[in-house]
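Sequence lines set the chain letters: A, B, ... in the order given, protein chains first and strands last, and positions in each chain run from 1. The figures here come from the full heavy-atom set of this structure, side chains too, leaving out hydrogens, waters and symmetry mates.
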Amino acid sequence: MAVRLYNSLTRQREEFSPLNPPRVGMYVCGPTVYGHSHLGHAKSYVSFDAIVRWLRTPAPLGPGFDVNYVQNITDVGHLTDDADEGEDKVVAEARRRGLHPMAVVETFMRSYLDDMDALNNTRPDIMPRATAHIPEQIALTQRLIESGHAYEVNGSVYFSVGSFPDYGKLSGRKFEEMEAGARVAVNTEKRNPADFALWKRAEEGHIMRWPSPWGEGFPGWHIECSAMSQKYLGLTFDIHGGGLENQFPHHECEIAQSEAAHGVPFVRYWLHNNMCTLEGQKMGKSLGNSISLKDVFYGREGGVRDKAGNVLLDRTFEPVVVRHFILTSHYRQTLDFSSDALRAAESGSYKLRDAARELHRAAHVAQPPSAVSADPSRDRSDPSRDRKGAVSQPTDPSGDRGGATSTSADRAQLRQAMNPLPHGRGSDRPHAPLPSSLATSDAVRSALAEIEQRFAEAMNEDFNTAAAIATLFDLAKRSGEWLRDGLAAPGGAGSGASAGDRDADPKFATRAADLRAADGLMQHLAGDVLGFYWPAALGGADNGKQDDLIRLLIDLRAEARKNKDFALGDQIRQRLSALGVELRDGPQGTTW
RNA sequence: GGCGGCGUACCCAAGUGGUUCAAGGGGACGGAUUGCAAAUCCGUUAUUCGUCGGUUCGAAUCCGACCGCCGCCUCCA
């Protein structure tokens, strides 16, 4: 099954075939770090993370590409006004705060990474910073001057749009039309209003400045992406992603610079993710309704308000819920955030979480000690998988935590495990057995195989994460059925039979293998591919003494209920609930 | 003015020519289970895809017109 994707350049869905398979070079426009990340960043980078994760998913389930994922950090040159007249955004923020621009950059770069980690986005392989690539940008600018595509005026250098006939091919704009309807402010240095800055002269007092052949100055915004992508991915690379709002002028300018300088195609597939709105309204910094991710995740007084005190979101939501919500729509579709929509996503996310946990627990309980190495969900030592950075969970010797059910205690470990090694350390193409192949009963095997196929088809069709999630819910539903069947069967997981008894029961062996296969698939699809990571606020997996203490209270409560002392039982439940531990009484006992 | 997108049930949302295509989630309602609660389970909730035409043996899916909403062309992922 080949990956098909919508290429903005050709405006159609086409089969993806990389230049040098299995390698894939991918560049995604990163943030300009002059403020905290907002919901728009979340949509963009969660979407591209899902794309990267899928491209890296080992065959035969996924395409198994070896993706080199580059995402820049813009820390200079992005002006508040695109007529090349405004102030540098970072510098403006620095003055407002009375800080050095580089301190502003450090602050918000870390903030950005924190938020992306919280969303469980895989870290890019390379995160080049514009200020660390000044020589490369100067060299590219120089090359453009030499080839007649750029000119210098008073220490600033502009790209001559008229020298590049293809200008406008990405955004569908015609150069002549733009000249006529240009809304850009008049810059007297430009020969043509549509020309854009490659290098800007630094005025007196401008802090961020570097020497150049044209005097002291700083790079224009667009040039960094051309310079850094070519450095790390080559003159022609496979995928360039970014927000739709950057299609013009930013990406158009990147194409012009790169192709004019080198005479070869710049990017083969352009991917643009759509914007998001809030209650149907455009979300923008200038509109004052842009919501920072930190407010969404941790917000104050249980909600998010704008400066005027209007409620934007009536409560906070976990990062995994935001991720779930984003992935239930298509990346090229606009997404409307609202409290109600997030609440609905939360219910769905938690339902999936609970089903995955129940399955994982049952598969674990059902597992004879001798079968440890056969569990696909714990196949974390496979070097080809670790290397890809597609594994969402740390290597865990106890094997008790899979991609979808980790405990919060593993958070630090998780982050480390996200990117154990850069991509491409080996020449072998990643390959992993299909979880369905590990099921022993025909019914379960074919059911899992069908899920695998539908999931893969969805992701292969322009990364249809919404359809992929739907198959996860189906898997959760089927798993629930198998679980209930198993619990009712002799020797089932909930029957209290000892491990020795179960080992001797052939029925049990079959069931255990099936549950492990189902669990392995759930872990892989929900955890590794879609990146769902549910912090274990409710416990669930083994969490050492804390779990033992909760178990103790549950036992005491069971005793109380047995004696019809419901007041005490309810008190225990309520007080645990206040601590974030929800008890659930099931036919097989109490879980939480 | 130029460029582009969208309009699918109460809400979110997938689906871009035909047989399992009207997914999935949320919500609501009815029922099962339950000391209560939560969760879970079963069932119900679009003969129809903004409107009107057209193409076709066949359209939510293609074409045209119209209505409505939105984005980009200033800053934003």
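The pair A/Lys200-A/Asp88 does not count as a salt bridge, with every side-chain nitrogen at least 4.0 angstrom from each carboxylate oxygen. Contact check on A/Asp514 versus A/Arg511 returns no salt bridge, with no Lys/Arg side-chain nitrogen under 4.0 Å from an Asp/Glu carboxylate oxygen. One finds no salt bridge joining A/Glu358 and A/Arg361 here, because no Lys/Arg side-chain nitrogen approaches an Asp/Glu carboxylate oxygen to under 4.0 Å. A salt bridge is absent between A/Asp474 and A/Lys477: the closest approach of a Lys/Arg side-chain nitrogen to an acidic carboxylate oxygen does not fall below 4.0 angstrom. Contact check on A/Arg454 versus A/Glu450 returns a salt bridge, with a Lys/Arg side-chain nitrogen under 4.0 Å from an Asp/Glu carboxylate oxygen.
Aromatic rings of A/Phe237 and A/Phe266 (six-membered ring for Trp) have centroids within the 6.0 Å cut-off, being under it. Aromatic ring centres of A/Tyr112 and A/Tyr45 lie closer together than 6.0 Å. You'll find the ring centres of A/His240 and A/Tyr269 outside the 6.0 Å limit.
The CZ-P distance, from A/Phe337 to B/A77, rounds to 15 Å in whole Å. One interatomic measurement links the two molecules: CG of A/Leu327 to P of B/G26, which rounds to 16 Å at whole-angstrom precision. The distance between atom CZ of A/Arg454 and atom C1' of B/G24, rounded to the nearest whole Å, is 9 Å. One can place CZ of A/Arg343 at 12 Å from P of B/A28, the figure rounded to the nearest angstrom. Taking atom CG of A/Leu244 as the reference point, atom C1' of B/G71 lies 7 Å away to the nearest angstrom. A straight line from CE of A/Met275 to P of B/C3 spans 20 Å, rounded to a whole angstrom. A/Leu475 places its CG atom 13 Å from the P atom of B/G25, with the value rounded to the nearest Å. Taking atom CD of A/Gln574 as the reference point, atom P of B/A38 lies 12 Å away to the nearest angstrom.
The residue A/Tyr45 sits close only to the backbone: its heavy atoms come under 4.0 Å of sugar-phosphate atoms, none of a base. In this structure, A/Leu39 reaches neither bases nor backbone, as no heavy-atom distance under 4.0 Å exists between it and the strands shown. Backbone-only engagement by A/Ala344 is indicated by non-hydrogen atom pairs under 4.0 Å involving sugar-phosphate atoms exclusively. Using a 4.0 Å heavy-atom distance criterion, A/Gly243 is classed as a sugar-phosphate-only contact. A/Lys477 comes within 4.0 angstrom of sugar-phosphate atoms only, judged by non-hydrogen atoms across all strands, and of no base.
Contact annotation: the side chain of A/Thr465 never approaches that of A/Tyr331 to less than 4.5 Å [non-hydrogen atoms, C-beta and beyond].
Look at the C1' atom in both B/A46 and B/A14: the space between them is 15 Å, to the nearest Å. Taking atom P in both B/U48 and B/U61, one finds a spacing of 15 Å when rounded to whole Å. With both ends at atom C1', the span from B/A59 to B/U74 equals 42 Å, rounded to whole Å. Going from the P atom of B/G24 to that of B/U33 covers 27 Å, rounded to whole Å. Straight-line distance between the C1' atoms of B/A28 and B/A65: roughly 39 Å, to the nearest whole Å. The same atom, P, is picked in B/A22 and in B/G18; the two are 11 Å apart, to the nearest Å. Nucleotides B/C21 and B/A39 have their P atoms positioned 31 Å apart, rounded to a whole Å. With C1' as the reference atom, B/C72 and B/A77 are 14 Å apart, rounded to whole Å.
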Under-3.5 Å N/O pairs linking protein and nucleotides 29-36 of chain B:
{"residue": "B/G35", "atom": "O6", "partner": "A/Arg561", "partner atom": "NE", "Å": "3.0"}
{"residue": "B/G35", "atom": "N1", "partner": "A/Asp570", "partner atom": "OD1", "Å": "3.1"}
{"residue": "B/G35", "atom": "N2", "partner": "A/Asp570", "partner atom": "OD2", "Å": "2.8"}
{"residue": "B/C36", "atom": "O2", "partner": "A/Arg573", "partner atom": "NH2", "Å": "2.7"}
{"residue": "B/C36", "atom": "N3", "partner": "A/Arg573", "partner atom": "NH1", "Å": "2.8"}
{"residue": "B/C36", "atom": "N3", "partner": "A/Arg573", "partner atom": "NH2", "Å": "3.4"}
{"residue": "B/C36", "atom": "N4", "partner": "A/Asp585", "partner atom": "OD2", "Å": "3.1"}

Got a list of protein N/O to nucleotides 13-18 of chain B N/O distances below 3.5 Å?
{"residue": "B/A13", "atom": "O2'", "partner": "A/Thr328", "partner atom": "O", "Å": "3.4"}
{"residue": "B/A14", "atom": "OP1", "partner": "A/His330", "partner atom": "N", "Å": "3.1"}
{"residue": "B/A14", "atom": "O3'", "partner": "A/Asn464", "partner atom": "ND2", "Å": "2.9"}
{"residue": "B/A14", "atom": "O2'", "partner": "A/Asn464", "partner atom": "ND2", "Å": "3.1"}
{"residue": "B/G15", "atom": "OP1", "partner": "A/Asn464", "partner atom": "ND2", "Å": "3.2"}

State the dot-bracket string of RNA chain B. Criteria: Watson-Crick or G-U wobble, both atom distances under 3.5 angstrom; notation: ( ) intrastrand, [ ] crossing earlier pairs, | interstrand, . unpaired.
((((((((.[[[..)..(.....]]]((((((.......))))))....[[[[[..)....]]]]])))))))....
I would like to know whether A/Phe159 and A/Ile223 meet side chain to side chain contact (heavy atoms under 4.5 Å, CB included); could you show each step before the answer?
CA-CA 10 Å; A/Phe159 184 91; A/Ile223 193 72; over 6 Å; no
Kindly indicate, with the supporting measurements, whether the criterion side chain to side chain contact (heavy atoms under 4.5 Å, CB included) is fulfilled by A/Leu9 and A/Lys169.
CA-CA 7 Å; A/Leu9 193 59; A/Lys169 71 176 173 184; 4.2 Å; yes
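Heavy-atom distances to RNA chain B give each of A/Arg332 and A/Ile469 a nearest nucleotide, and the one nearer the 5′ end belongs to A/Arg332. With RNA chain B read from its 5' end, the first of the two nearest nucleotides for A/Asn274 and A/Asp340 is the one closest to A/Asp340.
Side-chain atoms of A/Asp49 and A/Thr122 form a donor-acceptor pair, as typed in the model, at a separation below 3.5 Å. A/Ser160 and A/Asp195 form no side-chain donor-acceptor contact under 3.5 Å, judged by distance and modelled atom types alone.
Proximity of A/Lys282 to the phosphate of B/C70: no side-chain N or O atom is located under 4.0 Å from OP1 or OP2.
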